2 protein chains.
Amino acid sequence: MNPVSPARPQAKATVDPMSSQAAGTELPPTIQPRPRDAGATKARLLRAATEEFAEHGLAGARVDRIAERAGANKRLIYVYFGDKDRLFDAVVDDQARAVMAAVPLPDGDLAAFAAARFDYVLANPTVRRIAHWRAFERTEPTEDELAGYRIRLEAVAAAQREGRLRADIPAADLFALVMRMTESWLAAPTALWIVADGDPLAPERLAEHRQALLAAVRSVIVG
Amino acid sequence: MNPVSPARPQAKATVDPMSSQAAGTELPPTIQPRPRDAGATKARLLRAATEEFAEHGLAGARVDRIAERAGANKRLIYVYFGDKDRLFDAVVDDQARAVMAAVPLPDGDLAAFAAARFDYVLANPTVRRIAHWRAFERTEPTEDELAGYRIRLEAVAAAQREGRLRADIPAADLFALVMRMTESWLAAPTALWIVADGDPLAPERLAEHRQALLAAVRSVIVG
DNA sequence: ACGATGTAACTATCCAGTTAGATACATCAG
DNA sequence: CTGATGTATCTAACTGGATAGTTACATCGT
(Lines give C-alpha, C1' and ligand atoms only; values in the text may rest on other atoms or scores of the structure.)
Protein backbone atom coordinates (compact mmCIF):
# COMPACT_ATOMS: atom_id res chain seq x y z
CA MET A 1 0.00 0.00 0.00
CA ASN A 2 2.52 2.54 1.15
CA PRO A 3 5.92 1.10 0.30
CA VAL A 4 7.84 4.34 0.54
CA SER A 5 7.37 5.73 4.04
CA PRO A 6 9.99 4.63 6.53
CA ALA A 7 9.24 5.75 10.09
CA ARG A 8 8.96 9.38 11.06
CA PRO A 9 10.94 9.96 14.24
CA GLN A 10 10.92 12.82 16.75
CA ALA A 11 7.83 14.19 15.02
CA LYS A 12 6.31 13.42 18.39
CA ALA A 13 8.18 15.93 20.54
CA THR A 14 7.07 18.77 18.32
CA VAL A 15 3.36 18.16 18.68
CA ASP A 16 2.88 16.17 21.86
CA PRO A 17 0.25 18.10 23.83
CA MET A 18 1.05 16.12 26.95
CA SER A 19 4.70 16.99 27.40
CA SER A 20 4.72 19.27 30.46
CA GLN A 21 7.93 21.11 29.59
CA ALA A 22 6.70 22.25 26.18
CA ALA A 23 8.61 25.26 24.89
CA GLY A 24 5.86 27.88 24.84
CA THR A 25 3.85 29.45 27.67
CA GLU A 26 1.01 27.22 26.51
CA LEU A 27 0.51 24.99 29.53
CA PRO A 28 -2.29 22.63 28.49
CA PRO A 29 -5.15 23.81 30.73
CA THR A 30 -6.61 20.71 32.34
CA ILE A 31 -6.83 18.45 29.33
CA GLN A 32 -7.57 15.40 31.44
CA PRO A 33 -6.20 12.39 29.57
CA ARG A 34 -9.36 10.49 30.50
CA PRO A 35 -8.95 7.16 32.27
CA ARG A 36 -8.88 4.30 29.82
CA ASP A 37 -12.05 2.26 29.72
CA ALA A 38 -12.81 0.33 26.60
CA GLY A 39 -16.37 -0.47 27.63
CA ALA A 40 -17.21 3.16 28.33
CA THR A 41 -15.65 4.33 25.08
CA LYS A 42 -17.52 1.73 23.11
CA ALA A 43 -20.76 2.76 24.80
CA ARG A 44 -20.10 6.44 24.01
CA LEU A 45 -19.46 5.54 20.39
CA LEU A 46 -22.68 3.53 20.18
CA ARG A 47 -24.65 6.37 21.70
CA ALA A 48 -23.10 8.94 19.37
CA ALA A 49 -23.73 6.67 16.38
CA THR A 50 -27.35 6.25 17.41
CA GLU A 51 -27.88 10.02 17.35
CA GLU A 52 -25.98 10.52 14.13
CA PHE A 53 -27.78 7.73 12.28
CA ALA A 54 -31.14 8.86 13.65
CA GLU A 55 -30.55 12.34 12.28
CA HIS A 56 -28.98 11.51 8.94
CA GLY A 57 -29.56 7.86 8.10
CA LEU A 58 -26.89 5.41 7.02
CA ALA A 59 -25.77 7.19 3.87
CA GLY A 60 -25.99 10.67 5.39
CA ALA A 61 -24.17 9.88 8.62
CA ARG A 62 -20.50 10.81 8.84
CA VAL A 63 -18.03 8.56 10.60
CA ASP A 64 -15.89 11.55 11.58
CA ARG A 65 -18.89 13.23 13.17
CA ILE A 66 -19.70 10.12 15.18
CA ALA A 67 -16.18 10.01 16.57
CA GLU A 68 -16.33 13.69 17.38
CA ARG A 69 -19.70 13.40 19.14
CA ALA A 70 -18.35 10.53 21.20
CA GLY A 71 -15.19 12.44 22.04
CA ALA A 72 -13.29 9.42 20.81
CA ASN A 73 -10.93 8.69 17.98
CA LYS A 74 -12.31 7.53 14.68
CA ARG A 75 -10.00 4.56 14.64
CA LEU A 76 -11.82 3.07 17.62
CA ILE A 77 -14.95 2.69 15.55
CA TYR A 78 -13.08 0.31 13.31
CA VAL A 79 -11.53 -1.48 16.29
CA TYR A 80 -14.79 -1.97 18.15
CA PHE A 81 -17.37 -2.26 15.40
CA GLY A 82 -15.63 -3.18 12.15
CA ASP A 83 -16.96 -0.62 9.71
CA LYS A 84 -19.76 1.87 9.17
CA ASP A 85 -22.29 -0.74 8.12
CA ARG A 86 -21.67 -2.96 11.10
CA LEU A 87 -21.83 0.05 13.40
CA PHE A 88 -25.25 0.77 11.92
CA ASP A 89 -26.27 -2.83 12.54
CA ALA A 90 -25.10 -2.55 16.13
CA VAL A 91 -27.22 0.57 16.60
CA VAL A 92 -30.26 -1.07 15.04
CA ASP A 93 -29.96 -4.19 17.15
CA ASP A 94 -29.52 -2.14 20.29
CA GLN A 95 -32.59 -0.01 19.59
CA ALA A 96 -34.72 -3.00 18.63
CA ARG A 97 -33.77 -4.76 21.84
CA ALA A 98 -34.59 -1.66 23.87
CA VAL A 99 -38.11 -1.29 22.44
CA MET A 100 -38.84 -4.98 22.80
CA ALA A 101 -37.83 -4.81 26.44
CA ALA A 102 -39.65 -1.56 27.18
CA VAL A 103 -42.94 -2.30 25.40
CA PRO A 104 -44.30 -5.77 26.15
CA LEU A 105 -47.71 -7.11 25.18
CA PRO A 106 -49.09 -8.41 28.50
CA ASP A 107 -51.81 -11.00 27.97
CA GLY A 108 -52.41 -9.76 24.46
CA ASP A 109 -53.77 -6.49 25.83
CA LEU A 110 -53.35 -4.34 22.74
CA ALA A 111 -54.72 -1.22 24.45
CA ALA A 112 -52.05 -1.35 27.14
CA PHE A 113 -49.51 -2.10 24.43
CA ALA A 114 -50.57 0.96 22.44
CA ALA A 115 -50.33 3.21 25.48
CA ALA A 116 -46.89 1.90 26.41
CA ARG A 117 -45.61 2.15 22.87
CA PHE A 118 -46.88 5.70 22.44
CA ASP A 119 -45.20 6.74 25.68
CA TYR A 120 -41.96 5.02 24.80
CA VAL A 121 -41.70 6.46 21.32
CA LEU A 122 -42.54 9.89 22.65
CA ALA A 123 -39.76 9.65 25.22
CA ASN A 124 -37.29 8.09 22.77
CA PRO A 125 -37.65 9.78 19.39
CA THR A 126 -34.55 8.13 17.95
CA VAL A 127 -36.18 4.71 18.09
CA ARG A 128 -38.72 5.60 15.46
CA ARG A 129 -36.21 7.24 13.14
CA ILE A 130 -33.73 4.40 13.38
CA ALA A 131 -36.45 1.83 12.80
CA HIS A 132 -37.64 3.62 9.68
CA TRP A 133 -34.22 4.15 8.22
CA ARG A 134 -33.40 0.58 8.88
CA ALA A 135 -36.50 -0.57 7.09
CA PHE A 136 -35.33 1.25 3.96
CA GLU A 137 -31.58 0.80 4.01
CA ARG A 138 -31.15 -2.72 5.21
CA THR A 139 -33.34 -5.62 6.22
CA GLU A 140 -32.35 -8.91 7.84
CA PRO A 141 -34.07 -8.89 11.23
CA THR A 142 -32.17 -10.42 14.13
CA GLU A 143 -33.20 -13.60 15.90
CA ASP A 144 -34.12 -11.56 18.99
CA GLU A 145 -36.46 -9.44 16.97
CA LEU A 146 -38.13 -12.43 15.34
CA ALA A 147 -38.59 -14.04 18.75
CA GLY A 148 -40.10 -10.84 20.11
CA TYR A 149 -42.66 -10.62 17.34
CA ARG A 150 -43.43 -14.32 17.58
CA ILE A 151 -44.27 -13.97 21.25
CA ARG A 152 -46.45 -10.93 20.65
CA LEU A 153 -48.30 -12.55 17.80
CA GLU A 154 -49.03 -15.62 19.85
CA ALA A 155 -50.32 -13.43 22.67
CA VAL A 156 -52.69 -11.72 20.24
CA ALA A 157 -53.87 -15.03 18.80
CA ALA A 158 -54.49 -16.41 22.30
CA ALA A 159 -56.50 -13.36 23.29
CA GLN A 160 -58.52 -13.76 20.10
CA ARG A 161 -59.29 -17.40 20.93
CA GLU A 162 -60.40 -16.36 24.41
CA GLY A 163 -62.68 -13.70 23.01
CA ARG A 164 -60.78 -10.79 24.50
CA LEU A 165 -59.89 -9.50 21.03
CA ARG A 166 -61.96 -9.52 17.87
CA ALA A 167 -61.27 -12.61 15.78
CA ASP A 168 -62.40 -11.48 12.33
CA ILE A 169 -59.00 -9.92 11.63
CA PRO A 170 -55.81 -12.04 11.42
CA ALA A 171 -53.53 -11.60 14.43
CA ALA A 172 -50.68 -10.16 12.39
CA ASP A 173 -52.93 -7.62 10.70
CA LEU A 174 -54.48 -6.54 13.97
CA PHE A 175 -51.09 -6.18 15.61
CA ALA A 176 -49.65 -4.25 12.65
CA LEU A 177 -52.63 -1.91 12.62
CA VAL A 178 -52.39 -1.10 16.32
CA MET A 179 -48.61 -0.72 16.23
CA ARG A 180 -48.89 1.65 13.35
CA MET A 181 -51.64 3.66 15.03
CA THR A 182 -49.37 4.44 17.97
CA GLU A 183 -47.14 6.49 15.70
CA SER A 184 -49.85 8.26 13.75
CA TRP A 185 -49.44 11.61 15.43
CA LEU A 186 -45.67 11.69 15.87
CA ALA A 187 -45.12 10.57 12.29
CA ALA A 188 -47.83 12.72 10.75
CA PRO A 189 -46.77 14.86 7.76
CA THR A 190 -45.62 18.34 8.70
CA ALA A 191 -48.31 19.75 6.47
CA LEU A 192 -51.01 18.11 8.58
CA TRP A 193 -49.46 19.49 11.76
CA ILE A 194 -49.48 22.96 10.29
CA VAL A 195 -53.04 22.81 9.06
CA ALA A 196 -54.26 21.49 12.41
CA ASP A 197 -53.18 24.61 14.21
CA GLY A 198 -51.66 24.81 17.66
CA ASP A 199 -48.37 23.26 18.76
CA PRO A 200 -48.69 19.56 17.88
CA LEU A 201 -46.11 18.61 20.50
CA ALA A 202 -47.41 20.68 23.41
CA PRO A 203 -48.00 18.49 26.48
CA GLU A 204 -51.77 19.13 26.53
CA ARG A 205 -52.01 18.37 22.83
CA LEU A 206 -50.07 15.14 23.26
CA ALA A 207 -52.29 14.15 26.16
CA GLU A 208 -55.33 14.85 24.02
CA HIS A 209 -53.98 12.73 21.20
CA ARG A 210 -53.05 9.96 23.60
CA GLN A 211 -56.67 9.77 24.69
CA ALA A 212 -57.84 9.80 21.08
CA LEU A 213 -55.39 7.05 20.20
CA LEU A 214 -56.56 4.83 23.04
CA ALA A 215 -60.21 5.40 22.19
CA ALA A 216 -59.50 4.46 18.58
CA VAL A 217 -57.52 1.38 19.54
CA ARG A 218 -60.29 0.24 21.84
CA SER A 219 -62.76 0.57 18.99
CA VAL A 220 -60.55 -1.44 16.68
CA ILE A 221 -59.78 -4.32 18.98
CA VAL A 222 -63.33 -5.11 20.03
CA GLY A 223 -64.75 -4.86 16.53
CA MET B 1 -19.43 34.31 -20.31
CA ASN B 2 -16.94 32.87 -22.76
CA PRO B 3 -14.68 35.76 -23.77
CA VAL B 4 -11.86 33.68 -25.26
CA SER B 5 -13.40 31.29 -27.70
CA PRO B 6 -13.82 32.67 -31.18
CA ALA B 7 -15.71 30.26 -33.36
CA ARG B 8 -14.66 26.64 -33.47
CA PRO B 9 -14.54 25.45 -37.02
CA GLN B 10 -13.71 22.07 -38.56
CA ALA B 11 -13.19 20.49 -35.12
CA LYS B 12 -16.44 18.84 -36.02
CA ALA B 13 -15.28 16.87 -39.02
CA THR B 14 -12.75 14.94 -36.92
CA VAL B 15 -15.30 13.35 -34.63
CA ASP B 16 -18.58 13.60 -36.43
CA PRO B 17 -20.18 10.17 -36.02
CA MET B 18 -22.67 11.00 -38.71
CA SER B 19 -20.35 11.64 -41.63
CA SER B 20 -21.06 8.74 -43.93
CA GLN B 21 -17.62 8.69 -45.58
CA ALA B 22 -15.70 8.17 -42.31
CA ALA B 23 -12.26 6.66 -42.92
CA GLY B 24 -12.52 3.35 -41.06
CA THR B 25 -14.76 0.36 -41.62
CA GLU B 26 -16.54 1.49 -38.46
CA LEU B 27 -19.98 2.25 -39.77
CA PRO B 28 -21.90 3.37 -36.66
CA PRO B 29 -24.32 0.48 -36.20
CA THR B 30 -27.68 2.10 -35.64
CA ILE B 31 -26.73 4.40 -32.77
CA GLN B 32 -29.86 6.46 -33.15
CA PRO B 33 -28.96 10.00 -32.05
CA ARG B 34 -32.36 10.33 -30.41
CA PRO B 35 -34.54 13.21 -31.56
CA ARG B 36 -34.06 16.26 -29.35
CA ASP B 37 -36.96 16.88 -27.04
CA ALA B 38 -36.33 18.88 -23.92
CA GLY B 39 -39.68 18.06 -22.37
CA ALA B 40 -39.28 14.33 -22.84
CA THR B 41 -35.72 14.39 -21.50
CA LYS B 42 -36.79 16.35 -18.45
CA ALA B 43 -39.60 13.90 -17.83
CA ARG B 44 -37.22 10.94 -18.15
CA LEU B 45 -34.87 12.57 -15.66
CA LEU B 46 -37.68 13.18 -13.18
CA ARG B 47 -38.83 9.61 -13.48
CA ALA B 48 -35.33 8.24 -13.04
CA ALA B 49 -34.76 10.53 -10.06
CA THR B 50 -37.98 9.34 -8.48
CA GLU B 51 -36.83 5.75 -8.63
CA GLU B 52 -33.31 6.52 -7.47
CA PHE B 53 -34.45 8.66 -4.53
CA ALA B 54 -37.09 6.12 -3.60
CA GLU B 55 -34.45 3.41 -3.42
CA HIS B 56 -31.61 5.30 -1.76
CA GLY B 57 -32.92 8.51 -0.25
CA LEU B 58 -31.44 11.96 -0.80
CA ALA B 59 -27.99 11.26 0.64
CA GLY B 60 -27.73 7.78 -0.85
CA ALA B 61 -28.89 8.68 -4.35
CA ARG B 62 -26.18 9.25 -6.97
CA VAL B 63 -26.56 11.95 -9.56
CA ASP B 64 -24.57 9.91 -12.06
CA ARG B 65 -26.88 6.97 -11.61
CA ILE B 66 -29.93 9.15 -12.17
CA ALA B 67 -28.50 10.41 -15.43
CA GLU B 68 -27.65 6.88 -16.48
CA ARG B 69 -31.13 5.56 -15.63
CA ALA B 70 -32.66 8.35 -17.66
CA GLY B 71 -30.32 7.68 -20.56
CA ALA B 72 -29.48 11.36 -20.43
CA ASN B 73 -26.41 13.39 -19.67
CA LYS B 74 -25.72 14.45 -16.09
CA ARG B 75 -25.31 18.05 -17.09
CA LEU B 76 -28.97 18.20 -18.05
CA ILE B 77 -29.96 17.68 -14.44
CA TYR B 78 -28.23 20.95 -13.61
CA VAL B 79 -29.75 22.68 -16.59
CA TYR B 80 -33.30 21.56 -15.91
CA PHE B 81 -33.44 21.28 -12.13
CA GLY B 82 -30.61 23.30 -10.60
CA ASP B 83 -28.94 20.85 -8.28
CA LYS B 84 -29.47 17.57 -6.47
CA ASP B 85 -31.53 19.13 -3.67
CA ARG B 86 -33.87 20.91 -6.02
CA LEU B 87 -34.24 17.75 -8.08
CA PHE B 88 -35.30 15.99 -4.89
CA ASP B 89 -37.80 18.77 -4.20
CA ALA B 90 -39.18 18.41 -7.71
CA VAL B 91 -39.65 14.69 -7.16
CA VAL B 92 -41.32 15.23 -3.79
CA ASP B 93 -43.69 17.85 -5.14
CA ASP B 94 -44.58 15.67 -8.09
CA GLN B 95 -45.34 12.66 -5.91
CA ALA B 96 -47.31 14.70 -3.38
CA ARG B 97 -49.41 16.17 -6.15
CA ALA B 98 -50.04 12.73 -7.59
CA VAL B 99 -51.31 11.26 -4.32
CA MET B 100 -53.47 14.27 -3.58
CA ALA B 101 -55.06 13.96 -6.99
CA ALA B 102 -55.49 10.19 -6.84
CA VAL B 103 -56.82 9.86 -3.30
CA PRO B 104 -59.56 12.36 -2.47
CA LEU B 105 -61.73 12.39 0.63
CA PRO B 106 -65.25 12.51 -0.78
CA ASP B 107 -67.76 13.87 1.73
CA GLY B 108 -65.41 13.05 4.60
CA ASP B 109 -65.92 9.35 3.92
CA LEU B 110 -62.82 8.03 5.67
CA ALA B 111 -63.59 4.40 4.81
CA ALA B 112 -63.59 5.17 1.10
CA PHE B 113 -60.47 7.24 1.62
CA ALA B 114 -58.70 4.36 3.34
CA ALA B 115 -59.60 1.96 0.56
CA ALA B 116 -58.44 4.36 -2.14
CA ARG B 117 -55.21 5.15 -0.32
CA PHE B 118 -54.40 1.50 0.27
CA ASP B 119 -54.95 0.73 -3.39
CA TYR B 120 -52.91 3.68 -4.54
CA VAL B 121 -49.95 3.01 -2.30
CA LEU B 122 -50.01 -0.63 -3.27
CA ALA B 123 -49.92 0.29 -6.94
CA ASN B 124 -47.32 3.03 -6.45
CA PRO B 125 -44.73 1.85 -3.95
CA THR B 126 -42.40 4.78 -4.59
CA VAL B 127 -44.89 7.23 -3.14
CA ARG B 128 -44.55 5.84 0.35
CA ARG B 129 -40.79 5.66 0.25
CA ILE B 130 -40.40 9.17 -1.10
CA ALA B 131 -42.82 10.54 1.47
CA HIS B 132 -40.94 8.92 4.31
CA TRP B 133 -37.53 10.01 3.15
CA ARG B 134 -38.81 13.48 2.65
CA ALA B 135 -40.18 13.56 6.17
CA PHE B 136 -36.71 12.83 7.49
CA GLU B 137 -34.44 14.75 5.19
CA ARG B 138 -36.34 17.89 4.52
CA THR B 139 -39.56 19.51 5.59
CA GLU B 140 -41.23 22.64 4.19
CA PRO B 141 -44.52 21.44 2.72
CA THR B 142 -45.70 23.11 -0.47
CA GLU B 143 -48.74 25.33 -0.66
CA ASP B 144 -50.54 22.67 -2.70
CA GLU B 145 -49.96 20.12 0.01
CA LEU B 146 -51.21 22.44 2.74
CA ALA B 147 -54.31 23.20 0.72
CA GLY B 148 -54.92 19.52 0.17
CA TYR B 149 -54.77 18.72 3.86
CA ARG B 150 -56.89 21.75 4.72
CA ILE B 151 -59.67 20.54 2.45
CA ARG B 152 -59.49 17.02 3.83
CA LEU B 153 -59.54 18.20 7.42
CA GLU B 154 -62.56 20.38 6.77
CA ALA B 155 -64.34 17.47 5.16
CA VAL B 156 -63.70 15.37 8.25
CA ALA B 157 -64.86 18.13 10.58
CA ALA B 158 -68.03 18.60 8.54
CA ALA B 159 -68.79 14.88 8.63
CA GLN B 160 -68.28 14.96 12.39
CA ARG B 161 -70.74 17.82 12.79
CA GLU B 162 -73.28 15.93 10.73
CA GLY B 163 -72.84 12.81 12.85
CA ARG B 164 -71.40 10.71 10.04
CA LEU B 165 -68.10 10.39 11.93
CA ARG B 166 -67.45 10.08 15.65
CA ALA B 167 -66.86 13.49 17.24
CA ASP B 168 -64.96 12.53 20.39
CA ILE B 169 -61.65 12.54 18.51
CA PRO B 170 -60.26 15.74 16.94
CA ALA B 171 -60.50 15.79 13.15
CA ALA B 172 -56.73 15.93 12.66
CA ASP B 173 -56.14 12.98 14.98
CA LEU B 174 -58.83 10.89 13.34
CA PHE B 175 -57.49 11.66 9.89
CA ALA B 176 -53.90 10.92 10.93
CA LEU B 177 -54.95 7.63 12.49
CA VAL B 178 -56.81 6.43 9.42
CA MET B 179 -54.13 7.60 7.03
CA ARG B 180 -51.51 5.74 9.03
CA MET B 181 -53.62 2.60 9.21
CA THR B 182 -53.72 2.35 5.43
CA GLU B 183 -49.97 1.71 5.40
CA SER B 184 -49.82 -0.67 8.34
CA TRP B 185 -49.32 -3.81 6.29
CA LEU B 186 -47.08 -2.47 3.56
CA ALA B 187 -44.85 -0.69 6.07
CA ALA B 188 -44.81 -3.48 8.64
CA PRO B 189 -41.38 -4.56 9.89
CA THR B 190 -39.84 -7.41 7.91
CA ALA B 191 -39.65 -9.41 11.12
CA LEU B 192 -43.43 -9.30 11.48
CA TRP B 193 -43.90 -10.40 7.89
CA ILE B 194 -41.62 -13.35 8.48
CA VAL B 195 -43.26 -14.41 11.70
CA ALA B 196 -46.72 -14.22 10.16
CA ASP B 197 -45.92 -16.87 7.59
CA GLY B 198 -47.05 -16.99 4.02
CA ASP B 199 -46.17 -14.46 1.34
CA PRO B 200 -47.28 -11.09 2.76
CA LEU B 201 -47.61 -9.61 -0.72
CA ALA B 202 -49.49 -12.42 -2.39
CA PRO B 203 -52.71 -11.15 -4.00
CA GLU B 204 -54.98 -13.21 -1.73
CA ARG B 205 -53.08 -12.07 1.34
CA LEU B 206 -53.35 -8.45 0.26
CA ALA B 207 -57.05 -8.86 -0.37
CA GLU B 208 -57.43 -10.36 3.09
CA HIS B 209 -55.56 -7.48 4.67
CA ARG B 210 -57.56 -4.97 2.69
CA GLN B 211 -60.72 -6.38 4.19
CA ALA B 212 -59.18 -6.32 7.66
CA LEU B 213 -58.07 -2.73 7.18
CA LEU B 214 -61.52 -1.61 6.11
CA ALA B 215 -63.18 -3.42 9.00
CA ALA B 216 -60.79 -1.75 11.43
CA VAL B 217 -61.29 1.68 9.89
CA ARG B 218 -65.04 1.29 10.09
CA SER B 219 -64.74 0.44 13.77
CA VAL B 220 -62.57 3.48 14.40
CA ILE B 221 -64.66 6.05 12.60
CA VAL B 222 -67.99 5.24 14.17
CA GLY B 223 -66.64 4.99 17.74
C1' DA C 1 7.64 -6.11 28.47
C1' DC C 2 3.44 -6.80 26.42
C1' DG C 3 -1.18 -6.43 25.05
C1' DA C 4 -5.03 -3.27 25.26
C1' DT C 5 -6.24 1.31 24.44
C1' DG C 6 -5.64 5.49 22.28
C1' DT C 7 -4.13 9.23 18.67
C1' DA C 8 -2.85 12.16 14.41
C1' DA C 9 -1.88 12.14 9.90
C1' DC C 10 -2.47 10.06 5.62
C1' DT C 11 -4.53 7.93 1.29
C1' DA C 12 -7.45 6.18 -2.19
C1' DT C 13 -11.82 6.77 -3.79
C1' DC C 14 -15.99 8.86 -4.70
C1' DC C 15 -19.02 12.27 -6.18
C1' DA C 16 -21.61 16.84 -6.85
C1' DG C 17 -21.05 20.27 -9.69
C1' DT C 18 -18.34 22.72 -13.84
C1' DT C 19 -15.97 23.52 -18.10
C1' DA C 20 -15.64 23.65 -22.71
C1' DG C 21 -17.33 22.34 -26.13
C1' DA C 22 -20.41 19.67 -30.11
C1' DT C 23 -24.65 18.74 -32.57
C1' DA C 24 -29.49 19.53 -34.14
C1' DC C 25 -32.71 22.70 -35.62
C1' DA C 26 -34.85 27.03 -36.80
C1' DT C 27 -34.70 31.32 -39.21
C1' DC C 28 -33.30 34.48 -42.38
C1' DA C 29 -30.34 36.76 -46.14
C1' DG C 30 -29.19 36.34 -50.79
C1' DC D 1 -33.23 26.70 -52.67
C1' DT D 2 -28.65 27.46 -50.05
C1' DG D 3 -25.64 28.55 -46.86
C1' DA D 4 -24.73 31.38 -42.76
C1' DT D 5 -25.88 32.45 -38.08
C1' DG D 6 -28.11 32.01 -33.61
C1' DT D 7 -30.03 29.19 -30.05
C1' DA D 8 -31.58 25.22 -27.55
C1' DT D 9 -30.20 20.71 -26.57
C1' DC D 10 -26.90 17.53 -25.42
C1' DT D 11 -22.11 15.39 -24.21
C1' DA D 12 -17.31 13.88 -22.34
C1' DA D 13 -13.91 14.94 -19.36
C1' DC D 14 -12.44 17.30 -15.50
C1' DT D 15 -11.95 19.37 -10.59
C1' DG D 16 -12.00 20.25 -5.83
C1' DG D 17 -13.63 18.93 -1.69
C1' DA D 18 -15.35 15.39 1.20
C1' DT D 19 -15.07 10.89 3.32
C1' DA D 20 -14.43 5.87 4.61
C1' DG D 21 -10.93 3.40 5.92
C1' DT D 22 -5.50 2.72 7.17
C1' DT D 23 -0.90 3.32 8.94
C1' DA D 24 2.41 4.21 12.04
C1' DC D 25 3.09 5.39 16.40
C1' DA D 26 2.38 6.54 21.64
C1' DT D 27 1.00 5.37 26.15
C1' DC D 28 -1.35 3.05 29.82
C1' DG D 29 -2.21 -0.91 33.01
C1' DT D 30 -0.54 -5.05 34.61
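Note that this is a predicted model, so its numbers are computed, not measured. Labels below follow one simple rule: chain letters A, B, ... track the order of the sequence lines, proteins then strands, and each chain is numbered from 1.
For the pair B/Glu55 and B/Arg69, the salt-bridge criterion is met [side-chain N within less than 4.0 Å of a carboxylate O]. The residues B/Lys74 and B/Glu68 are annotated as not salt-bridged, no charged nitrogen and carboxylate oxygen being separated by less than 4.0 angstrom.
Between B/Arg75 atom CZ and C/dA20 atom C1' the separation is 10 Å, expressed in whole Å. Atom pair B/Glu68:CD and D/dC10:C1' shows a separation of 17 Å (rounding to whole Å applied). As rounded to whole Å, 8 Å separates atom P of C/dC15 from atom CG of B/Asp64. For the pair B/Leu76 CG and C/dA16 C1', the interatomic distance rounds to 15 Å; values are reported in whole Å. Atom CD1 in B/Ile77 sits about 13 Å away from atom C1' in D/dC10, given to the nearest Å. Distance B/Leu58 CG to C/dC15 C1': 14 Å, rounded to the nearest Å. Whole-Å rounding puts the A/Tyr78 OH to D/dA24 P distance at 18 Å. In this structure, CZ of B/Arg44 is placed 8 Å from P of D/dT11, rounded to the nearest angstrom.
Summarising the local packing, CZ of B/Arg65 is surrounded by more than 12 heavy atoms from other residues, nucleotides or ligands at distances under 6.0 Å.
Considering only side-chain N and O atoms, A/Tyr80 lies under 4.0 angstrom from the phosphate OP1 or OP2 of C/dG6. Within the structure, a side-chain polar atom (N or O) of A/Thr41 is placed less than 4.0 Å from OP1 or OP2 of C/dG6.
B/Lys84 places a side-chain N or O within donor-acceptor distance of the main-chain N or O of B/Ala61, the cut-off being under 3.5 Å.
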Provide a list of protein-nucleic acid N or O atom pairs under 3.5 angstrom, restricted to nucleotides 13-17 of chain D.
none

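Counting only residues at least two apart or on different chains, the ring pair (Phe, Tyr, Trp, His ring centres under 6.0 Å) pairs with a member in residues 43-72 of chain B are B/Phe53-B/Phe88.
Backbone-only engagement by A/Ala61 is indicated by non-hydrogen atom pairs under 4.0 Å involving sugar-phosphate atoms exclusively.
Cation-pi geometry between B/Arg205 and B/Trp185 is satisfied (NZ or CZ under 6.0 Å from the ring centre, within 45° of the ring normal).
Remark: the A/Ser184 side chain and the B/Arg180 side chain contain no N/O donor-acceptor pair separated by less than 3.5 Å.
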